A.B. asks: 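The structure is given below, and queries will be raised subsequently.
Only a predicted model underlies this, so the values are computations on that prediction, with no experimental measurement involved.
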Amino acid sequence: MSAKQGTEKTKATPKEKILEAIAIQISTAFPAIKASLGEKKFEKRIKKAGKLLVDGIKFESKSGVQEKAATAQKVKKASAGIPKKAVKTTPKKLDLASRK
């Protein structure tokens, strides 16, 4: 029988890096809580707290930034070929006396 081997990620996402940093800081800041709760419960609570803290942070991937720049260039190119409509500067006056 062969055991399944998980593939390792080569690059960690910014969110994962921040979650790891938060876990390290919390675990070093509260050793008394870690001793009273136990290792397993403490680690679960650290993960939950880290997710809540990171929840409001917006992360942009490099490909997302490149896609936004590419779409902006496409819009500029598309709008460059469209001629602008001539706009009249003076509005037409209504002659109410001639309508009768």
A.B. asks: Over all heavy atoms of both residues, which pair between Ser27 and Ile46 is shortest? Give the atoms and the distance, please.
C.D. replies: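 Looks like CB-CD1, 3.9 Å.
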A.B. asks: Measure the spacing between CD of Glu20 and CD1 of Ile22 and express it to the nearest 0.5 Å.
C.D. replies: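 So the CD of Glu20 and the CD1 of Ile22 are separated by 11.0 Å.
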A.B. asks: Is Leu53 linked to Ile24 within one hydrophobic cluster, defined over Ile, Leu, Val, Met, Phe, Trp and Tyr using a side-chain heavy-atom separation of less than 4.5 Å?
C.D. replies: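 No, Leu53 does not connect to Ile24 through the hydrophobic network.
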A.B. asks: First locate atom CG of Leu19, then atom CD of Glu16, and finally report the distance between them rounded to the nearest 0.5 Å.
C.D. replies: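 CD of Glu16 is found 7.5 Å from CG of Leu19.
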A.B. asks: Taking salt bridge (Lys or Arg N to Asp or Glu O under 4.0 Å) as the cut-off, I'd like each qualifying pair that reaches into residues 39-56, sequence neighbours left out, listed once.
C.D. replies: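 Qualifying pairs: Lys34-Glu39.
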A.B. asks: For Phe42, does the CZ atom sit with more than 12 other heavy atoms under 6.0 Å from it, leaving out its own atoms?
C.D. replies: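 Atom CZ in Phe42 is crowded, with more than 12 foreign heavy atoms closer than 6.0 Å.
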A.B. asks: Determine, using the 4.5 Å side-chain heavy-atom cutoff (strictly less than), whether Ile26 and Leu37 are members of one ILVMFWY cluster.
C.D. replies: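 Both belong to a single hydrophobic cluster.
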